[in-house]
Q: 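Below is a structure I'd like to ask you about.
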Amino acid sequence: MELAGRHALVTGGGTGLGLAIATALSAAGAVVTVTGRDAARLDRVAADDPRLHPLPMDVRDEASVRDGIAAAAAARGPVAICVANAGIAAAVPFAQETLDHWRRLMAVNLDGVFVTLQAALATLGPGDWGRMIAMSSVAGLRGLPRGPAYTASKHGVIGLIRAMSEEYMGGPVTFNALCPGYVDTPIVDRAAAGIAARHGMSEAEARDRLASANRHGRLLQAEEVAGAALWLCSDAARSVNGQAIAIHGGQV
Ligand code: NAP
C-alpha cells in the first residue's frame with residue numbers, strides 16, 4: 001500500500017488505459033478521482049471500487065477542468081498523482097486533414113493535457129511530493145502514416161513534459177510521458193473497425209495488422225501500461241524525470 005493517503009486523478013479514467021491505471025493506483029492504496037465525459041460510465045466504474053470517485057469533466061472545457069480539479073482537491077486533498085490520459089485518435093491522410101479537425105483533436109490531446117497538468121500542479125503546495133504523468137504514444141516518438149494530427153499532438157505531449165521537468169528540476173515532483181504501442185482498448189477496437197471497413201477485411205484481421213505493428217507482434221494489455229504508471233509513482237522511480245517511456249515490445 002505504498003500510495004496509501006495519496007490522491008490521484010486520472011482523466012479518461014472510465015475506460016481502457018485510464019481505467020487500468022486508476023484501478024492499479026487504487027489497489028496500491030491511493031484514492032482516485034476518475035474523470036471523463038460519460039458520467040453514467042464513471043458512476044458504474046466507481047460503484048465497483050469505493051476508492052474510485054467519479055468526476056464528469058470535459059478536457060476541452062477549461063473551466064470544467066479547473067473547477068473540477070479544484071473541487072476534487074478540496075474533497076480529497078492535493079492531486080499528488082495526475083495522469084493526463086484522455087485522448088482521441090483519428091486516421092486521416094495528411095492531404096485530407098482539415099484545420100477544423102486538427103484543432104478538435106489538439107483540443108483534447110494537447111490543450112487538455114496542458115490544462116489538466118497545470119490545474120493539478122496548482123493544488124500542490126511548495127515541497128509537496130508529486131507524480132505528473134501524460135499519456136503519449138509511440139506516435140510521440142515516430143511518425144504514423146494517416147495520423148498527422150495525432151502524431152503531432154503526441155509529440156507535443158512529450159515536449160510539454162520535458163519542458164515541465166526542466167522547469168521544476170530538483171523538486172519533489174517528476175514529469176514523465178508513457179508511449180505505448182497498440183493496446184487492446186476501445187480506441188483500438190474503433191481503429192480495427194475503420195481498417196476493416198476501408199480494406200474489406202474482417203475486424204480480426206485488422207486487429208492482427210495493428211498487433212503486427214508492435215515490435216513483439218501482439219497487442220499490449222492495458223495492465224502492462226498501468227504497471228509502468230505505478231512504477232513511476234513508486235519511490236524507486238524518484239530519479240526518473242522528463243522521460244518518454246516506450247512500451248512497444250522492442251525499440252521504436
Ligand atoms: P479509450 O478507451 O477510447 O480512452 C479514451 C478516454 O478519453 C475515454 O475514457 C474518454 O472518456 C476520454 N475522453 C475522450 N475525449 C474526452 C474529452 N473531451 N474530455 C474528457 N475525456 C475524454 O482508449 P485508450 O486506449 O484507453 O486511450 C487512452 C489514451 O491512451 C489516449 O490518450 C490514447 O491516445 C492513448 N494511447 C492509446 C493507445 C492504444 O493503442 N490503445 C496507444 C497509445 C496511446 P469519455 O468518452 O467518457 O469522455
Q: Can you confirm whether V92 sits close enough to R146 that some side-chain heavy atom of one is under 4.5 Å from a side-chain heavy atom of the other?
A: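 Heavy-atom side-chain distance check fails, nothing below 4.5 Å.
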Q: Ignoring hydrogens and geometry, is there a side-chain-to-backbone donor-acceptor pair from T151 to P148 under 3.5 Å?
A: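 A pair under 3.5 Å: no.
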Q: First locate atom CZ of R190, then atom CD1 of I187, and finally report the distance between them rounded to the nearest 0.5 Å.
A: 5.5 Å
Q: From I195 CD1 over to E205 CD, what is the distance, rounded to the nearest 0.5 angstrom?
A: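 Reported value, rounded in 0.5 Å steps: 11.5 Å.
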Q: Under 4.5 Å between any side-chain heavy atoms of C82 and T116, yes or no?
A: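 Heavy-atom side-chain distance check passes, below 4.5 Å.
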Q: Please report the closest heavy-atom contact between A39 and P56, naming both atoms and the distance.
A: CB-CG, 3.7 Å
Q: Closer than 3.5 angstrom, by distance alone: can the side chain of N214 be matched with the main-chain N or O of G249 as a donor-acceptor pair?
A: no
Q: Kindly indicate whether the side chain of T123, heavy atoms from C-beta on, has any atom under 4.5 Å from the side chain of I69.
A: yes
Q: Does one hydrophobic cluster hold both V79 and V65, with members joined at side-chain heavy-atom distances below 4.5 Å?
A: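 Both belong to a single hydrophobic cluster.
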Q: Decide salt bridge (Lys or Arg N to Asp or Glu O under 4.0 Å) for R66 and E62; before the verdict, give the C-alpha distance in whole Å, the side-chain angles of both, and the deciding distance to 0.1 Å.
A: CA-CA 6 Å; R66 294 199 188 280; E62 181 179 358; 2.8 Å; yes
Q: Which pair of heavy atoms, one from S26 and one from R51, lies closest together, and at what distance?
A: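 Shortest heavy-atom contact: O-NH2, 2.9 Å.
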Q: Are any side-chain N or O atoms of D67 and backbone N or O atoms of S64, one a donor and one an acceptor, separated by less than 3.5 Å?
A: no
Q: When you compare the side chains of S165 and N241, does any donor N or O come within less than 3.5 Å of an acceptor on the partner?
A: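 On atom types as modelled, these side chains do not qualify, holding no pair under 3.5 Å.
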Q: So, taking the atom named CZ in R104 and the one named CG in D111, what distance separates them when rounded to the nearest 0.5 Å?
A: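 Rounded to the nearest 0.5 Å, the CZ-CG separation comes to 13.5 Å.
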Q: Using modelled atom types and a 3.5 Å cut-off, is there a donor and acceptor pairing between side-chain atoms of R131 and backbone atoms of I81?
A: no
Q: May I ask you to decide whether D48 forms a salt bridge with R44, counting only side-chain N to carboxylate O separations under 4.0 Å?
A: no
Q: Could you give me the CA-CA distance, side-chain angles and deciding distance for W231 and I245, then say whether side-chain contact (heavy atoms from CB on, under 4.5 Å) is met?
A: CA-CA 12 Å; W231 171 69; I245 299 170; 4.1 Å; yes
Q: Would the distance check show the side chain of H248 and the main-chain N or O of V138 forming a donor-acceptor pair, the cut-off being under 3.5 Å?
A: no
Q: With hydrophobic residues grouped by side-chain heavy-atom distances under 4.5 Å, do L3 and L19 end up in a single group?
A: yes
Q: Check L178 against A228 and note the closest heavy-atom contact, atom names and distance.
A: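 Minimum heavy-atom contact is CD2-CB, 3.9 Å.
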Q: Is R76 reaching over with its side chain to a backbone N or O of V32, donor-acceptor style, under 3.5 angstrom?
A: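 Between the backbone of V32 and the side chain of R76 there is no qualifying donor-acceptor contact (under 3.5 Å).
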Q: Between R162 and Q243, does any side-chain donor sit less than 3.5 Å from a side-chain acceptor?
A: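 No, Q243 and R162 have no side-chain donor paired with an acceptor closer than 3.5 Å.
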Q: Closer than 3.5 angstrom, by distance alone: can the side chain of R41 be matched with the main-chain N or O of D38 as a donor-acceptor pair?
A: no
Q: Report yes if the side chains of V225 and V183 come closer than 4.5 Å at any heavy-atom pair, otherwise no.
A: yes
Q: So which atom in L141 and which in C179 form the shortest heavy-atom distance, rounded to 0.1 Å?
A: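 So the two residues come closest at CD1-CB, 3.8 Å.
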Q: Excluding sequence neighbours, so at least two apart, what forms side-chain hydrogen bond (donor to acceptor under 3.5 Å, both in side chains) with R60?
A: D58
Q: Can you tell me how far CG of D100 sits from CG of L105, rounded to the nearest 0.5 angstrom?
A: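 Those atoms lie 11.5 Å apart.
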Q: Taking the side chain as every heavy atom from C-beta outward, state whether V188 and Y182 have any pair of such atoms under 4.5 Å apart.
A: yes
Q: Would you verify whether the NZ or CZ of R6 falls within 45 degrees of the ring axis of W129 while also being under 6.0 Å from that six-membered ring's centre?
A: yes
Q: Are any side-chain N or O atoms of D184 and backbone N or O atoms of L220, one a donor and one an acceptor, separated by less than 3.5 Å?
A: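 No.
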Q: Shortest non-hydrogen contact from I161 to M132?
A: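 Nearest pair, atom of I161 first, then M132: CD1-O, 4.3 Å.
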Q: Does M164 belong to the same Ile/Leu/Val/Met/Phe/Trp/Tyr cluster as L110, with side-chain heavy atoms less than 4.5 Å apart forming each link?
A: yes
Q: Is there a donor-acceptor pair under 3.5 Å between the side chain of S137 and the backbone N or O of K154?
A: no
Q: With salt bridge (Lys or Arg N to Asp or Glu O under 4.0 Å) as the test, would you mind laying out the steps for R218 and E224 before giving the verdict?
A: CA-CA 12 Å; R218 66 168 175 81; E224 297 179 76; 3.0 Å; yes
Q: Are V240 and I21 connected, step by step, through hydrophobic side chains (Ile, Leu, Val, Met, Phe, Trp, Tyr) whose heavy atoms are closer than 4.5 Å?
A: yes
Q: Answer yes or no: is there a donor N or O on one side and an acceptor on the other, between the side chain of H7 and the main chain of V31, under 3.5 Å?
A: no
Q: How close do L25 and A8 get, heavy atom to heavy atom, and via which atoms?
A: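 Here L25 and A8 meet closest at CD1-CB, 3.8 Å.
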